[in-house]
Every structure is written in structure tokens, then in C-alpha cells.
Amino acid sequence: MSYACITVAIEESVGLITLNRPKILNALNLQLMDELVAELERMDRDPEVRAIVITGNEKAFAAGADINEMAEASAIEIMKRDQFAVWDRISLISKPIIAAVSGFALGGGCELMMSCDIVIASETARIGQPEINLGVMPGAGGTQRLTRAVGPRKAMEMLLTGEPISAREAWQYGLVNRVVPVEAYLTEAVKLAKKIAQQPPLAVQMIKKAVQKAEDLPLIEGMHYERNGFYLLLASEDRKEGMQAFLEKRKPRFTGN
Ligand code: DAK
């Protein structure tokens with residue numbers, strides 16, 4: 001599959017998607033979002049892929065939605081484009097997605113980062129929701145996911161001032177998992193993805209879903225969801241292999257069955 005706005009590679013069970021509009025800091029236009037989500041869904045179906053990394057380049061993960069596309073469009077045109085539908089499909093991807101973020105992750109770029117499951121940031125990352133400076137507000141989860149991630153006070157400050165925060169501050173607030181030197185952000189993300197790709201795929205996907213549910217469900221319902229996932233995994237081949245390998249003091253060979 002060839003794309004205009006992203007590049008794609010697969011190595012050792014890790015799918016790597018690189019946002020590729022460097023001249024305009026990977027601004028997220030409709031075509032890029034369509035390509036990105038189509039490829040995420042393709043990788044989700046591809047048994048060769050067990051974990052996914054999304055990255056940009058050193059200067060920008062993504063500096064937001066493409067303002068050129070939004071500047072002249074009417075509210076009705078934007079509503080008819082149904083841009084939200086494509087964004088919503090990211091959270092339905094069952095395999096884990098790691099964002100490798102350097103430079104600007106602003107607006108839609110921050111929202112895309114927050115749609116991923118794990119974030120590895122370079123020391124140069126600048127993360128924020130500057131929509132207010134354009135007279136609008138976030139439209140792809142900025143007020144909702146940011147508030148859940150950093151709490152209402154910090155979210156309010158970031159959303160109302162539009163000021164980005166540094167990678168270190170993002171780490172202190174739990175918005176990113178790890179901050180590493182700029183030379184290492186992508187290799188660290190791929191290394192982590194390769195480690196996850198070695199884990200039993202059914203358990204990986206079940207755990208991802210259960211953690212997602214923790215954001216939405218009351219505790220007792222989340223606990224029931226978790227327990228049912230646990231019972232289901234007991235029926236898998238990989239459970240037999242995992243427990244047998246432990247008893248035989250050898251490394252397990254997980255097949256995804
Ligand atoms: N869109 C289009 N072009 C952009 C861009 C963007 N978001 N960000 C940067 N560029 C372009 C610049 O115009 C410039 O193009 P040329 O002038 O070279 O042609 C080039 O990238 C390099 O940018 P700068 O020259 O400005 O570079 P600097 O290093 O000086 O500044 C900057 C970098 C990131 C601070 C600055 O470029 C900037 O402030 N960019 C805009 C950031 C921003 O406001 N982002 C939020 C956009 S609103 C929705 C889903 C999502 C959204 C909305 C709806 N639905 C599902 C409905 C999201 C909305 C947003 O993200």
C-alpha cells in the first residue's frame with residue numbers, strides 16, 4: 001500500500017507509521033488522518049504485527065490539524081466531513097499503540113498522542129492544546145482526555161492559555177511515560193514495542209481493553225469486565241504454554257492462540 005502523507009514499515013512484529021508532511025510540521029489534514037487510520041486498521045488485522053508505533057520527525061510529531069483546511073470551511077461543511085468518525089476509530093484499534101514524540105505535539109497532534117496507549121517523548125517535546133488561540137476549542141478529545149490524564153486544574157490552565165508544556169512537565173503530570181534524549185526517542189519506542197510484541201497477543205489485547213474500560217466504567221463494572229477477561233484467557237493456548245514454560249523453567253513461545 002502506498003500513501004502520500006505517511007510512511008509505513010514492519011520489523012520484528014512492530015508496525016511503524018511515520019507522519020510525513022515535514023514542511024508543515026506534520027499538520028494533520030483529512031488525507032493524512034484517512035491514511036493513518038486505514039493503516040492502523042490494516043495493521044490491526046495483520047497477524048505479522050503485534051504492536052504499533054506512531055511517530056513524526058525530530059521537529060514535530062504533529063503541530064495540529066491543518067489550519068489551511070479549516071480556515072475557510074463553514075461549520076456545516078466541517079460537520080458534513082464527519083472528521084470525528086475517523087478519529088474515533090483510533091480507540092477501537094485492539095493492538096497497543098506507542099507514540100514516539102519529538103518537537104511539537106499541539107492541538108490535534110496532542111490529541112493523537114493521547115489516543116495512543118503509551119508515549120515516549122524526547123526532551124525537546126512541546127505538548128499543548130493551542131486551539132483557543134485560534135478562537136476555537138479542541139474537537140478530538142483535548143478537553144476530555146487531557147483532563148483525565150493531568151487532572152482538571154492543569155488541563156484548565158493548558159486549555160485556557162494555549163501554552164504548551166515541556167516534556168519534563170508532561171512526565172510529571174503523567175501525560176507521557178518516559179522522557180529520553182532526542183537521539184533516543186524513536187529507538188526507545190521501538191524497543192518497548194518489540195518487548196510488548198513478545199508477549200501473548202490475546203492477553204495484550206485483553207489488558208488494553210480492560211485499561212480503556214477503567215476510564216469509562218464504575219469500579220465494580222470494571223472489575224467484572226476484568227474478571228471475565230481473565231476467565232477467557234484461561235481458555236487460550238498461550239495460557240497453557242505460559243504456565244507450562246514457567247514450570248519447566250524455560251522461555252514461553254506464544255502463538256496468539
Ligand atoms: N496547520 C497548517 N500549517 C501549519 C500548522 C498547522 N497546524 N502548523 C505549522 N504549519 C506550517 C506553517 O504555516 C509554516 O508553513 P510555511 O509558512 O513554511 O509555508 C510551517 O508549518 C512551519 O511553521 P512555522 O514557520 O510557524 O514554524 P515555527 O517553528 O516558527 O513555529 C509552531 C512552530 C508549531 C509554534 C507554529 O507553526 C504554530 O503555532 N503552529 C500552529 C499550531 C496550532 O495552532 N495548532 C492547533 C491547530 S487547531 C477535529 C479534530 C482535531 C482538531 C479539530 C477538529 N475534528 C475531529 C473535527 C484539531 C484542531 C487543531 O489542531
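When a ligand or atom number is given, it counts from 1 through the structure's own listing order. Side chains included, hydrogens not; waters and symmetry mates left out as well; all remaining heavy atoms used.
Protein residues lining ligand 1, listed by chain and number: Lys23, Ile24, Leu25, Ala27, Lys59, Ala63, Gly64, Ala65, Asp66, Ile67, Asn68, Met70, Gln83, Phe84, Trp87, Phe104, Leu106, Gly107, Gly108, Glu111, Pro130, Glu131, Leu134, Gly139, Ala140 [non-hydrogen atoms, distance under 4.0 Å].
Residues meeting the side chain to side chain contact (heavy atoms under 4.5 Å, CB included) test with Asn177, sequence neighbours left out: Ile118, Val119. Checked against side chain to side chain contact (heavy atoms under 4.5 Å, CB included), Ile76 has the following partners two or more places apart in sequence or in another chain: Ser74, Lys80.
Apart from Phe104 itself, the hydrophobic cluster it occupies contains Leu25, Leu106, where clustering links Ile, Leu, Val, Met, Phe, Trp and Tyr at side-chain heavy-atom distances under 4.5 Å.
With no hydrogens or angles considered, a side-chain donor-acceptor pair links Thr255 and Asn257 at under 3.5 Å. Side-chain atoms of Thr55 and Thr18 include no donor-acceptor pair closer than 3.5 Å.
Within 6.0 Å of CZ in Arg153 there are 12 or fewer heavy atoms belonging to other residues, nucleotides or ligands.
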